[in-house]
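Notes follow the structure.
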Amino acid sequence: MKLSRKGKKMNFMDKSKNVISGDSKFAIVEGYKIARTNLVFSLSAAESNVVAFTSWSKGEGKSTATANLAISFSKMDKKVLLIDADLRRPNLHNLMKLQNTAGLSEVIGKFKSFDEVINRDVLPYLDVLTSGSIPPNPSELLASQNFSAMLEVLRKDYDYIILDTPPVGVVADALILKDLVAGYVVVVREKFTTHGDIEKALQSIRLADSKVLGFLKVGCAASERKYSKGQYGYYKYY
């Protein structure tokens, strides 16, 4: 996998245009299908249906890629729950143009019930739980018994649960969830993420005694299809 040195930060102000739909290019949709297939095998081997997506830094397209994988999973007619677990910087609410502003932080804090805040049937078979209000203690909420108990109930109701977590190079919140997930998929962006970033992300996850299930590389040029099958490629880590 060849990645260039970090370049100019990209503008994701209109992220909703990057969420796959019926109008998306065939190569992009197929790329996510390949990623989905590999991830299904990884989760099956881990005997878990919960996976976390992260990256090393902000601006790598992690939330868009996570949402697109969740959409791809729902196309299998499997019941999927996508959770925005970044309680410091909400992403999915605007990205997916959702109506309910309350979300995970309200549920963990017991201000609202899951049924009150869940965005059901955003697409067929896909429910989305936004991060909700930004709390003063995000790390403590994610590490709380309330969150683990909620996830334990939900993993019985859904075929797959996909967590969009903060970048591991910014805060340690994602690694707090290591005992609740099968592992991590690390999103990397061509001409943005460096090899050094990847090594640091791997080291952080290893030190947390967890594992990387794979890499999801985004932002590839069409000429790189031999590596990524389109704009998005999944790279298994061994």
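None of these values were measured; they are calculated from a predicted model. Reckoned from all heavy atoms, side chains included, excluding hydrogens, waters and symmetry mates.
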If we only count heavy atoms from C-beta on, is the [X] to [Y] side-chain gap below 4.5 Å?
{"X": "V117", "Y": "F111", "value": "no"}
{"X": "S48", "Y": "V181", "value": "no"}
{"X": "Y32", "Y": "I71", "value": "no"}
{"X": "R36", "Y": "L69", "value": "yes"}
{"X": "T37", "Y": "I34", "value": "no"}
{"X": "V51", "Y": "V185", "value": "yes"}
{"X": "S131", "Y": "H93", "value": "no"}
{"X": "V40", "Y": "M76", "value": "yes"}

Would you say [X] has more than 12 foreign heavy atoms packed within less than 6.0 Å of its [atom1]?
{"X": "F147", "atom1": "CZ", "answer": "yes"}
{"X": "K75", "atom1": "NZ", "answer": "no"}
{"X": "K79", "atom1": "NZ", "answer": "yes"}

Closest heavy-atom pair and its distance - [X], [Y]:
{"X": "Y184", "Y": "L175", "value": "OH-CA, 3.3 Å"}
{"X": "V80", "Y": "S74", "value": "CG2-N, 3.7 Å"}
{"X": "L95", "Y": "S63", "value": "CD2-O, 3.6 Å"}
{"X": "L213", "Y": "A182", "value": "CD2-O, 4.0 Å"}
{"X": "G183", "Y": "S210", "value": "CA-OG, 4.3 Å"}
{"X": "A35", "Y": "L216", "value": "CB-CD1, 3.8 Å"}

Check: [Y] main-chain N/O paired with [X] side-chain donor or acceptor under 3.5 Å:
{"X": "N137", "Y": "P135", "value": "no"}
{"X": "N100", "Y": "E116", "value": "yes"}
{"X": "D84", "Y": "L92", "value": "yes"}
{"X": "E106", "Y": "S133", "value": "yes"}
{"X": "T193", "Y": "R189", "value": "yes"}
{"X": "T130", "Y": "A102", "value": "yes"}
{"X": "S55", "Y": "P167", "value": "no"}
{"X": "S144", "Y": "L141", "value": "yes"}

Evaluate L82 against F53 for side-chain contact (heavy atoms from CB on, under 4.5 Å), listing each step before the verdict.
CA-CA 11 Å; L82 173 60; F53 280 70; over 6 Å; no

For the [atom1] atom of [X] and the [atom2] atom of [Y], what is their distance to the nearest 0.5 Å?
{"X": "F73", "Y": "L39", "atom1": "CZ", "atom2": "CG", "value": "4.0 Å"}
{"X": "L87", "Y": "I108", "atom1": "CG", "atom2": "CD1", "value": "5.5 Å"}
{"X": "L126", "Y": "S72", "atom1": "CG", "atom2": "OG", "value": "11.0 Å"}
{"X": "R155", "Y": "D157", "atom1": "CZ", "atom2": "CG", "value": "12.0 Å"}
{"X": "N38", "Y": "L43", "atom1": "CG", "atom2": "CG", "value": "11.0 Å"}

With the threshold set at 4.0 Å, does a side-chain nitrogen-carboxylate oxygen contact exist between D115 and R120?
yes

Show the numbers, then the answer: is there a side-chain contact (heavy atoms from CB on, under 4.5 Å) between F114 and L154?
CA-CA 10 Å; F114 176 81; L154 293 176; 3.7 Å; yes

Can L81 and Y160 be said to form a side-chain contact (heavy atoms from CB on, under 4.5 Å), step by step?
CA-CA 6 Å; L81 174 63; Y160 294 101; over 6 Å; no

Would Y125 end up clustered with I83 when hydrophobic side chains under 4.5 Å apart are linked, directly or stepwise?
no

Would V170 end up clustered with L177 when hydrophobic side chains under 4.5 Å apart are linked, directly or stepwise?
no

Would you mind telling me which of D164, D86, T54 makes a side-chain hydrogen bond (donor to acceptor under 3.5 Å, both in side chains) with K62?
D164

So salt bridge (charged side-chain N to carboxylate O under 4.0 Å, His left out) across residues 165-181, not counting sequence neighbours, yields R88-D173

Using the rule given for side-chain contact (heavy atoms from CB on, under 4.5 Å), can you reason through V171 versus S139, listing the C-alpha separation, both sets of side-chain angles and the distance that settles it, and then say yes or no?
CA-CA 9 Å; V171 292; S139 296; over 6 Å; no

